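A note on names: the letters A, B, ... follow the listed sequences, proteins ahead of strands, and every chain is numbered from 1. Here the structure is a predicted model, which means the values were calculated and not measured.
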Amino acid sequence: MKKISDTFFITETKNENPIYQQIYDIVRLIPEGKVANYGQIAAMLAHCTPRMVGYAMAALPSGSDVPWHRVINSQGKISQRAGGDGENIQRLLLETEGVEFDSNGSVDFSKVGWKVLK
DNA sequence: TCCATGACAAGAG
DNA sequence: GCTCTTGCCATGG
């Protein structure tokens, strides 16, 4: 059992629960205006790797309630899957929440980085 | 079953 | 600061 926040706990089940479910649970904990990177999420689920987090996001249905747009890579940049449609949808969603992007199109983790209390 | 691929990260050179 | 390499594992052909 890991403590994510004061009111949130997750069970460290290895085979019982799909790992994805835990990843989604973590992502759902990210508050508005904050962002987290894959490594951070993977670190919270010690038996998880950034690869899996990325894959979990890719497998996420579009109608999901998971704020996938708050998950970006370790460089503070958005990893866009397709070059075509919905290019800036993620950035747009973040800006709507108050996340600022610099001229490089990256966010400042020291400002909007999600800090988790362990 | 094997092989290639993928929204990544961290370390080495 | 940048490129290359390795770890890790679900998914699809």
In whole angstroms, how far is the [atom2] atom of [N] from the [atom1] atom of [X]?
X       : N      : atom1 : atom2 : answer
A:Asn37 : B:dA9  : CG    : C1'   : 9 Å
A:Tyr38 : B:dA10 : OH    : P     : 13 Å
A:Lys77 : C:dC2  : NZ    : C1'   : 12 Å

Set of residues satisfying salt bridge (charged side-chain N to carboxylate O under 4.0 Å, His left out) with respect to A:Glu97, sequence neighbours excluded:
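Listed in chain order: A:Arg70.
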
Mind checking what makes salt bridge (charged side-chain N to carboxylate O under 4.0 Å, His left out) contact with A:Asp65, not counting sequence neighbours?
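Residues passing salt bridge (charged side-chain N to carboxylate O under 4.0 Å, His left out) with A:Asp65: A:Arg28.
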
Between protein and nucleotides 7-13 of chain C, map the contacts as a letter string: B base, S sugar-phosphate only, - none, heavy atoms under 4.0 Å, written 5' to 3'.
BBSBS--

Contact residues, residues 66-75 of chain A to DNA chain B [heavy atom, < 4.0 Å]
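Correct list: A:Trp68, A:Asn73, A:Ser74.
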
Give a yes or no on whether the backbone of A:Tyr20 and the side-chain of A:Tyr55 come within a donor-acceptor separation of less than 3.5 Å.
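It does not hold such a pair.
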
Partner set under side chain to side chain donor-acceptor pair (under 3.5 Å) for A:Thr96, not counting sequence neighbours
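Listed in chain order: nothing, the list is empty.
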
Which residues share a side chain to side chain donor-acceptor pair (under 3.5 Å) with A:Ser64, sequence neighbours left out
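Checked A:Ser64 against side chain to side chain donor-acceptor pair (under 3.5 Å); zero matches.
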
Taking only residues two or more places apart in sequence or in another chain, which ones pass side-chain contact (heavy atoms from CB on, under 4.5 Å) with A:Ser74?
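Applying side-chain contact (heavy atoms from CB on, under 4.5 Å) to A:Ser74 gives none.
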
What residue pairs, at least two apart or across chains, pass salt bridge (Lys or Arg N to Asp or Glu O under 4.0 Å) with a residue in residues 37-46 of chain A?
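Of all non-adjacent pairs touching residues 37-46 of chain A, none passes salt bridge (Lys or Arg N to Asp or Glu O under 4.0 Å).
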
Would you list the atom pairs, donor with acceptor, under 3.5 Å between side chains in residues 30-46 of chain A and any protein atom, with sequence neighbours excluded?
residue	atom	partner	partner atom	Å
A:Lys34	NZ	A:Lys111	O	3.4
A:Asn37	OD1	A:Gly39	N	3.2
A:Asn37	OD1	A:Gln40	N	2.7
A:Gln40	NE2	A:Trp114	O	2.6

